[in-house]
Amino acid sequence: MEIRQVGVIGAGQMGGGIAQVCAQAGLAVRLCDIDPAQQARAMAQMRRSLDKLAAGQAGLEPDAVLARVATVSGPEALAGCELVVEAASEQLALKLRLLGEAAAAVGPDAIIASNTSSISLTRLAAAVPSPQRVIGMHFMNPVPLMPLVEIIRAEQTDDATHRAIEALTTRLGKTPVTVGDAPGFVSNRVLMPMINEAAFCVHDGVADPAAVDAVMTLGMRHPLGPLALADLIGLDTCVAILDVLYSEFRDSKYRVCPLLARYVAAGRLGRKSGRGFYDYTDRS
Ligand code: NAD
């Protein structure tokens, strides 16, 4: 089945970016979020991103790309989509519900993908009729700029679904890398312990955030320090991923740093809330 219409659930930083790259590739997109303010923020962010990209990319027409994206409030509005990419908050119960609702709205052959950072695709697929069409499509942040999509096959995923999603990823201008369905996959199994350890360095008084990040950028040539990266990802998302790693592996090396948990409890979620390890209130 040719993919022409894509439904994206969740218009946060990832869902908005996924909608954008799909529209840039010529696909019609329905972007769904329960929060109308978030829908508006996602469209405004897409406009800013496309205007910047268009300055260096001949032929990219922001108006034409944006005209391919419609905002809707719930998965029931996704009827007719050949692909749904779920990118709502990293909570198992929420994702199970949204995937079930999406499956009820689209045809039995439509592919259902999740952008989860850590949750078992096999568990998510089990909540969907015809689970062979469920797959993980783990985009990286910021989606318009990052070349990787980590593809995760659930136990149930069939070859046709896998091939279709690898081909679509390539059509989006990204490189698919397929990995197994283990907690955190490869990306977050490697990345999150580093971010957590960086948070422990601050928690234990070893160094302040700027010093921790300077060691990793200047000393290890990381383009962004782990704490600045945590702020970009969202500290709530980092805690949710670490909780999945901890509960699935039952290994104390994944225990969440109390400082991270405290920041999240205080609403310090990183860039998206204006403050995390750093303050973003003066930056646009
Ligand atoms: P976010 O907090 O920016 O956005 C989540 C969005 O989901 C919000 O707009 C919220 O309103 C929406 N939402 C919540 N309940 C909903 C519902 N019932 N129906 C529709 N929308 C609903 O989070 P994010 O950073 O965009 O992350 C989204 C997903 O992508 C998570 O699974 C996360 O783990 C994953 N992910 C995040 C990153 C990252 O760097 N932030 C990278 C890769 C994958």
Side-chain angles (χ1 to χ4, degrees), residues 7-21 30-46 49 71-78 84-102 104-105 112-121 123-124 136-152 169 174 177 179 183-192 194-195 224 226-245 260 264 267-274 276 280:
V8 178
I9 304 179
Q13 47 186 346
M14 295 307 291
I18 295 165
Q20 179 181 327
V21 296
R30 274 178 252 162
L31 177 59
C32 151
D33 203 292
I34 32 159
D35 180 357
Q38 193 61 39
Q39 294 173 11
R41 272 196 291 275
M43 294 305 291
Q45 170 56 32
M46 247 180 263
S49 167
T71 51
V72 297
S73 57
E76 63 285 350
L78 302 184
V84 174
V85 183
E86 175 279 315
S89 317
E90 187 76 349
Q91 296 159 19
L92 175 64
L94 174 66
K95 287 187 186 293
L96 289 173
R97 176 165 66 76
L98 290 172
L99 290 182
E101 288 172 9
I112 301 197
S114 175
N115 184 51
T116 177
S117 299
S118 58
I119 295 171
S120 161
L121 267 302
R123 193 177 291 181
L124 293 177
M137 237 186 142
H138 186 211
F139 289 83
M140 302 291 128
N141 185 11
V143 179
L145 303 182
M146 298 296 274
L148 174 70
V149 180
E150 198 177 29
I151 308 285
I152 304 102
T169 302
K174 310 283 185 200
V177 176
V179 304
F185 321 127
V186 171
S187 52
N188 282 316
R189 186 169 178 172
V190 174
L191 176 64
M192 282 302 146
M194 182 184 70
I195 285 177
L224 205 58
L227 299 173
L229 179 57
D231 277 356
L232 175 70
I233 293 168
L235 302 189
D236 53 338
T237 301
C238 293
V239 167
I241 296 168
L242 282 159
D243 280 344
V244 169
L245 289 166
L260 268 176
V264 171
R268 284 173 69 164
L269 308 183
R271 280 175 186 261
K272 65 184 168 187
S273 71
Y280 302 91

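Atoms within a ligand are numbered from 1 in the order they appear, just like the ligands themselves.
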- Message: For the CG atom of L124 and the CD1 atom of I119, what is their distance to the nearest 0.5 Å?
- Response: 6.0 Å
Identify the protein atoms, limited to N or O, that lie within less than 3.5 Å of an N or O atom of ligand 1, and list each pair with its distance to 0.1 Å.
residue  : atom   : partner : partner atom : Å
ligand 1 : 2 (O)  : K272    : NZ           : 3.0
ligand 1 : 3 (O)  : Q13     : N            : 3.2
ligand 1 : 9 (O)  : D33     : OD2          : 2.6
ligand 1 : 11 (O) : D33     : OD1          : 2.7
ligand 1 : 11 (O) : D33     : OD2          : 3.3
ligand 1 : 25 (O) : Q13     : NE2          : 3.2
ligand 1 : 26 (O) : Q13     : N            : 3.3
ligand 1 : 26 (O) : M14     : N            : 2.9
ligand 1 : 30 (O) : N115    : ND2          : 2.9
ligand 1 : 32 (O) : A88     : O            : 3.2
ligand 1 : 32 (O) : E90     : OE1          : 2.5
ligand 1 : 32 (O) : K95     : NZ           : 2.8
ligand 1 : 34 (O) : E90     : OE1          : 2.9
ligand 1 : 34 (O) : S117    : OG           : 2.6
ligand 1 : 36 (N) : S117    : OG           : 3.1
ligand 1 : 40 (O) : N141    : ND2          : 3.1
ligand 1 : 41 (N) : Q13     : NE2          : 3.4
ligand 1 : 41 (N) : I233    : O            : 2.8

Hey, does the side chain of [X] reach the backbone of [Y] with a donor-acceptor pair shorter than 3.5 angstrom?
X: Q45; Y: G16; value: no
X: K174; Y: F139; value: no
X: E150; Y: I152; value: no

- Picking from T237, N115, T116, what satisfies side chain to side chain donor-acceptor pair (under 3.5 Å) with E90? T116
- Side-chain heavy atoms of S73 within contact of P36, under 4.5 Å: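 No, their side chains stay 4.5 Å or more apart.
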